[in-house]
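Computed from heavy atoms alone, side chains included, the values below leave out hydrogens, waters and symmetry copies.
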Amino acid sequence: MNATTPQQIMQRWHIVQGQLIPALHQEIGLLTPKLEKLIHILEWSRVEEWVQRFSYRTGRPPHELAWLANAFVAKVVLGLTTTVHLIERLSIDKALQRICGFPLHKKLPSASTFSRAFETFAKDKLAERAHEGLIKTHFGDRLIGHISRDGTAIEARERPQKNDKENNNPKPKGRPRKDEKRPVKLNVARQRTQCLEEMLKDIPTDCRRGTKCNAQGYKHSWNGYKLHLDIADCGVPIAALLSSASMHDSRAAIPLSHISAARVTNLYDLMDAAYCSIDLHEHSRELGHVPLIDHNPRGGEKEEFEPADAVRYRERSGAERANGRLKDEFGGRHIWVRGATKVMSHLMFGILVLSVDQLLRLRQ
């Protein structure tokens with residue numbers, strides 16, 4: 001079923017709005033607009049279906065993990081920054097408890113239980129798998145015009161690791177010995193000869209210090225990571241990749257393109273001047289796409305787009321809007337966890353909610 005057409009979206013909207021929400025009104029009373037939005041997002045994301053169904057001999061039953069997964073989605077929708085705030089809201093909001101699945105006659109899990117559950121979800125990549133399933137279900141059979149690729153800064157509350165120069169361990173000069181193995185520098189040309197697993201393994205994911213120029217040309221430095229996104233025309237994130245803040249944006253282009261190509265079919269690849277490279281142009285054409293990459297003069301004369309391509313390139317503003325919404329509305333600015341695995345899981349819950357929210361906007 002193509003659930004992204006306006007008819008199918010309105011059909012699902014009327015089912016939730018006309019049947020599910022009135023039933024909850026009779027059980028738990030009136031609902032706020034935020035809680036009604038949460039119901040729609042949980043109905044579309046179906047995150048509880050992606051919780052691993054293990055047969056535990058001891059410990060918490062599997063169905064209770066689904067309640068905790070729904071609670072982390074609610075944390076993003078309601079704009080709660082910490083797990084403590086989530087537990088406080090659950091303790092006073094009986095309607096939120098029932099929406100997430102927690103029975104009213106049982107005591108809520110403790111903060112440590114929530115933390116252990118989030119660690120489990122991060123290791124199992126729950127949010128990543130739920131988002132991938134959402135994209136393949138609603139966009140797998142559609143033709144997408146443009147994919148806008150961009151990276152954004154993610155500030156973390158971690159101490160960045162020092163590079164070799166700061167550790168007084170400069171790169172050795174001369175030819176290496178026969179028994180000496182030096183790390184191979186990660187570059188775009190080398191990535192074209194690798195498979196996706198090898199590329200993802202070579203991408204650094206530790207906390208580093210990064211520097212990037214903003215839209216006004218001023219440099220901004222931060223400690224943490226970079227989030228690289230592929231955004232469709234409608235503003236829905238198709239693929240996401242997390243790297244160290246010090247990694248250049250162009251090194252995430254080829255891995256992201258392979259991930260997106262396995263999920264959707266698109267015609268144009270839109271990238272800014274940071275991705276200006278002959279290798280990326282050729283790689284995009286090998287995938288059957290038309291690359292529209294802003295030219296980086298590098299001290300020479302800048303090449304402008306053709307008039308028709310310049311109009312198409314304006315669609316890339318959707319990537320900036322998606323990055324801004326992720327940070328302002330869905331928890332991208334409030335990273336209270338440490339480590340690339342947990343940071344990525346936190347961001348993916350926000351990306352999952354952002355994707356469903358953009359799908360729901362299509363009904364308008």
Side-chain angles (χ1 to χ4, degrees), residues 1-13 40-41 43-46 128-151 191-192 195-196 199 227-241 249-250 252-272 275 277 279-294 305-323 325-326 348 351-364:
M1 181 181 70
N2 187 3
T4 56
T5 61
Q7 295 80 8
Q8 296 291 349
I9 291 176
M10 290 304 299
Q11 181 182 1
R12 293 191 64 171
W13 175 269
H40 285 281
I41 290 177
E43 171 66 21
W44 277 73
S45 63
R46 298 283 185 174
E128 290 92 324
R129 291 186 288 108
H131 177 259
E132 180 181 0
L134 178 75
I135 296 302
K136 288 183 177 180
T137 300
H138 301 297
F139 289 92
D141 57 348
R142 296 188 66 190
L143 181 62
I144 297 177
H146 309 87
I147 287 289
S148 301
R149 186 166 296 131
D150 195 17
Q191 287 179 326
R192 295 185 63 187
C195 63
L196 179 59
M199 286 185 282
L227 179 65
H228 308 270
L229 291 176
D230 274 2
I231 310 295
D233 291 332
C234 58
V236 175
I238 301 298
L241 184 64
D249 290 353
S250 61
I254 294 182
L256 269 179
S257 65
H258 282 291
I259 297 175
S260 297
R263 300 178 181 180
V264 299
T265 302
N266 69 286
L267 300 179
Y268 292 85
D269 292 334
L270 310 184
M271 291 169 271
D272 60 16
Y275 300 88
S277 168
D279 291 301
L280 292 181
H281 276 85
E282 295 177 351
H283 173 74
S284 181
R285 293 189 181 95
E286 289 175 357
L287 294 177
H289 305 160
V290 179
L292 293 181
I293 305 176
D294 191 17
F305 285 115
E306 295 293 332
D309 293 339
V311 174
R312 287 190 178 275
Y313 188 73
R314 296 173 188 170
E315 297 291 334
R316 193 188 165 276
S317 60
E320 305 293 344
R321 290 193 297 269
N323 289 332
R325 292 200 66 202
L326 178 63
M348 284 305 304
I351 292 172
L352 177 63
V353 175
L354 171 61
S355 302
V356 177
D357 184 71
Q358 287 296 126
L359 284 174
L360 293 177
R361 289 191 174 196
L362 294 178
R363 70 180 180 87
Q364 302 175 356

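Checked for salt-bridge contact, R316 and D294 miss the test: no charged N lies under 4.0 Å from a carboxylate O.
Of the candidates N266, L229, L256, I147 forms a side-chain contact (heavy atoms from CB on, under 4.5 Å) with just one, namely N266. Across D269, D230, T265, a single residue satisfies side-chain hydrogen bond (donor to acceptor under 3.5 Å, both in side chains) together with S260, and that is D230.
Interatomic distance, H146 NE2 to H289 NE2, rounded to the nearest 0.5 Å: 12.5 Å. The line from NE2 of H281 to CD1 of I293 is 4.0 Å long, rounded to the nearest 0.5 Å. Between the CG atom in D272 and the OG atom in S148 there is a gap of 10.5 Å [rounded to 0.5 Å]. Atoms CD1 and CG, from I135 and L359 in turn, are 7.0 Å apart once rounded to the nearest 0.5 Å. Distance check: L352 CG to E128 CD gives 10.0 Å after rounding to the nearest 0.5 Å. We find the SG-CZ distance between C234 and R361 to be 11.5 Å, quoted to the nearest 0.5 Å.
You'll find the side chain of V290 stays beyond 4.5 Å of the side chain of S284, heavy atoms only. E315 is not listed as a side-chain neighbour of Y268, based on a closest heavy-atom distance of 4.5 Å or more. Within the 4.5 Å cutoff, side-chain heavy atoms of P237 are placed close to those of H131. A 4.5 Å side-chain heavy-atom check between I231 and D150 finds every atom pair outside the cut-off. Considering only heavy atoms from C-beta on, H258 stays 4.5 Å or farther from Q191 through its side chain.
Scanning all heavy atoms of the two residues, the minimum distance from L196 to P255 falls at CD1-O, 3.8 Å. Of all heavy-atom pairs between A253 and M271, the closest is CB-SD, 4.5 Å. Here the shortest heavy-atom pairing between Y275 and S250 reads CD2-CA, 3.8 Å.
A side-chain donor-acceptor contact under 3.5 Å links S355 to the backbone of I351. Checked by atom type and distance alone, the side chain of Y313 never pairs as donor or acceptor with a backbone atom of A308 at under 3.5 Å. Without hydrogens or angle criteria, T137 side chain to L134 main chain gives no donor-acceptor distance under 3.5 Å. In terms of modelled atom types and a separation under 3.5 Å, the side chain of R325 and the main chain of L354 share no donor-acceptor contact.
Around atom CD of E306, no more than 12 heavy atoms belonging to other residues, nucleotides or ligands sit under 6.0 Å away.
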Notebook entry, point to check: Checking salt bridge (charged side-chain N to carboxylate O under 4.0 Å, His left out) for the pair D249/R149: CA distance, chi angles, key distance, verdict?
Noted result: CA-CA 9 Å; D249 290 353; R149 186 166 296 131; over 6 Å; no
